[in-house]
Amino acid sequence: MNAADSLKNHQSFWIDSTLQSAYPSLTQDIRVDVAVIGAGLAGITTAMLLKKAGKSVAVLEAGRVAEGTSGHTTAKVTSLHQLRYATFIDEIGEDMARCYGESNQAAVEQLATLVRDENIDCDFERKNAYTFADTPETLKSVKAEVEAAQRLGLPATYVEDTSLPFDVMGAVQFSNQAQFHPRKYILSLAEKINGDGSAVFENTRVITVDGDTPCEVKTENGATVIADDVVVATNLPILDQGLFFAKTFPQRSYLIGARIAPEKAPDGMFIGTGEKYRSIRTTPMEDGGVLLLIGGEGHKVGEASDTEARFERLANYAHSKFGLDTVDYYWSSQDVVSFDKLPYIGHLTPMNKHIYVATGFSLWGMSNSTLSAMILKDMILGESNPWAELYDAIRSTPFVTKESVKNNLDVGTRWIGDRFKGLFDNTDKVKLGEGQVVTTNGEKVAAYRDESGILHQVSAVCPHLGCIVSWNAAEKSWDCPCHGSRFDTDGEILHGPAVNALKPCQTEGLSK
């Protein structure tokens, strides 16, 4: 199957099926109890819980509400995180593994409670979640996960039959989990936050935070938010003091959406095992149809040049497993993976008692974002939380693990080795619709030639920590392979932690 013939809409279904929000930019200094940086699920849920507790909050979003990672997720709300509990029991002990499971299960119920209490129309449905094995090699791990989850008191059973249209060797099933439309949910919460002394601001990029009491949140617009407490919920924190960029790595994943006949749609949320696993779920469409979502093909940001081929492999999977020949949507997502697979939730540093972070959701952001909000709300209100210790953001960090050492060596190697990218000024060889890193007057330049022949040139040096960006052909973006910042062809920020755009370079105008 040729994906190029069938891929129609390079946009997240969640964004395409909702109206764009229209909150104002912050243009003057304001004073609130809590400033929340980032209007994804973690930031908006934290703001909502704090407002319900009587705090005034200001949510500051660099772009639009829920158009970042939360607007590109698979949106599975579950405490089943592929295969994690057996490993956790071995690595952090049964008590802490139970804490992880209980806290994520509580997050599932917290989200369900907000849907019910706030009367949110977001296609919320209770569904069973499955991790399935399709080879004898992975079946052993699935059975071990069932045993581990049952020991921890989680709603796990072993099954061999599913509603998938192909045979599986076996699966772990978690009952009564959930799925929803994440952007409908987040936009509804944002509306309820805005007003009565609290506010949501869009197109308001935060540049830095002064952690003195009270805190001062300084924005690119020139306005400042003065707040007693600040929550940084920007996927990877835009503040570097906590060194979270060195404790995690950024990963991109790919999704497609294809219409499927309702009678052929699988019932449940599914994820496979092994290196080439697939994530599967359905969602209702406004016209009464059903959209099948298939995800996978993940890799570290900036490490893959075959991004278009990854979409094609997902399209081929839709064809071979479900008989679908047309793909209606395709998009990608980005998350931050911690080396120990536990989120970082809490204080930015031991010295910053009023600046909080939530990051490292490790591909399971729906439950972990909600969990973060629950913990941060309690910390800001001075209340105890039974799970805060496990996720403590200033806990001892597993720098010395095989994965962490490899990742940080990769970053160092790229920082040095990428200086040799594009040794010659060969912008004339940049083809229509393509990008290439070149050297012009001794400087690394990210050069992109659009379909009309205009050459767009910006600095190839990421303003975060100086790595050289790489070209993402499928999404026509410049991606930083070190810490995950992404930029459009004119250098504007698509994804942090960078807070500054790529610097402009002199272009050659209409040269072809």
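Computed from a prediction, not measured in an experiment: that's the story for all the values here.
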Practice item. Test side chain to side chain donor-acceptor pair (under 3.5 Å) on S279 and K76 and set out the steps. Key: CA-CA 10 Å; S279 173; K76 297 176 179 178; 2.7 Å; yes
Check your understanding: Hey, mind stepping through R64 and N203 against side-chain contact (heavy atoms from CB on, under 4.5 Å) and telling me if it holds?
Key -> CA-CA 7 Å; R64 295 287 185 184; N203 295 316; 3.6 Å; yes
Check your understanding: Just checking, any donor-acceptor pair under 3.5 angstrom between side chains of T138 and Y277?
Key -> no
Review point. What are the two closest heavy atoms between W387 and C99, and how far apart are they?
Key: CD1-SG, 3.6 Å
**Study point:** Which atom of P155 lies closest to which atom of Q177, heavy atoms considered
**Key:** CG-NE2, 4.0 Å
Point to revise | Test: C467-C482 SG spacing under 2.5 Å | key: yes
Pairing of [X] and [Y] as salt bridge, 4.0 angstrom limit:
X	Y	answer
R151	E147	no
E297	R278	yes
R281	E125	no
E67	R183	yes

Going by the rule ring pair (Phe, Tyr, Trp, His ring centres under 6.0 Å), which residues pair with [X] if we only count those two or more places apart in sequence or in a different chain?
X	value
H347	Y356
F361	none
F244	Y344

Point to revise | Intermediate values then yes/no, side chain to side chain donor-acceptor pair (under 3.5 Å), N194 and Y23 | key: CA-CA 9 Å; N194 199 50; Y23 293 100; 5.4 Å; no
Practice item. Taking atom CG of N119 as the centre, report whether more than 12 heavy atoms of other residues, nucleotides or ligands fall under 6.0 Å from it. Key: no
Point to revise | Atom CD of E451 with >12 non-hydrogen neighbours under 6.0 angstrom | key: yes
Check your understanding: Between Y448 and W471, is the gap from one ring center to the other below 6.0 Å?
Key -> yes
Review point. Does the gap between the ring centers of W14 and H72 come in under 6.0 Å?
Key: no
Practice item. On the 0 to 90° scale, with breaks at 30° and 60°, tag the Y317-F166 ring pair as parallel, tilted or perpendicular. Key: perpendicular
Exercise for review: Could you check whether the rings of Y130 and F270 sit parallel, tilted or perpendicular, using 30° and 60° as the cut-offs?
Suggested key: parallel
Revision key, fill the gap. Sequence neighbours excluded, the answer for salt bridge (Lys or Arg N to Asp or Glu O under 4.0 Å) partners of D123 is K184
Point to revise | For E145, salt bridge (Lys or Arg N to Asp or Glu O under 4.0 Å) partners two or more places apart | key: none
Review point. Should R259 and M285 count as side-chain neighbours, where that means a heavy-atom distance under 4.5 Å?
Key: yes
Review point. Do the side chains of E118 and K52 get nearer than 4.5 Å, heavy atoms only?
Key: yes
Practice item. Determine, step by step, whether Y185 and L41 satisfy the side-chain contact (heavy atoms from CB on, under 4.5 Å) criterion, reporting the C-alpha distance in whole Å, the side-chain angles of both residues, the deciding distance to 0.1 Å, and the verdict. Key: CA-CA 9 Å; Y185 175 80; L41 182 59; 3.5 Å; yes
Revision key, fill the gap. Those residues at least two apart in sequence (or on a different chain) that pass side-chain hydrogen bond (donor to acceptor under 3.5 Å, both in side chains) with D134 are none
Practice item. Test D328 against F13 for side-chain contact (heavy atoms from CB on, under 4.5 Å), laying out the working first. Key: CA-CA 9 Å; D328 300 277; F13 167 74; over 6 Å; no
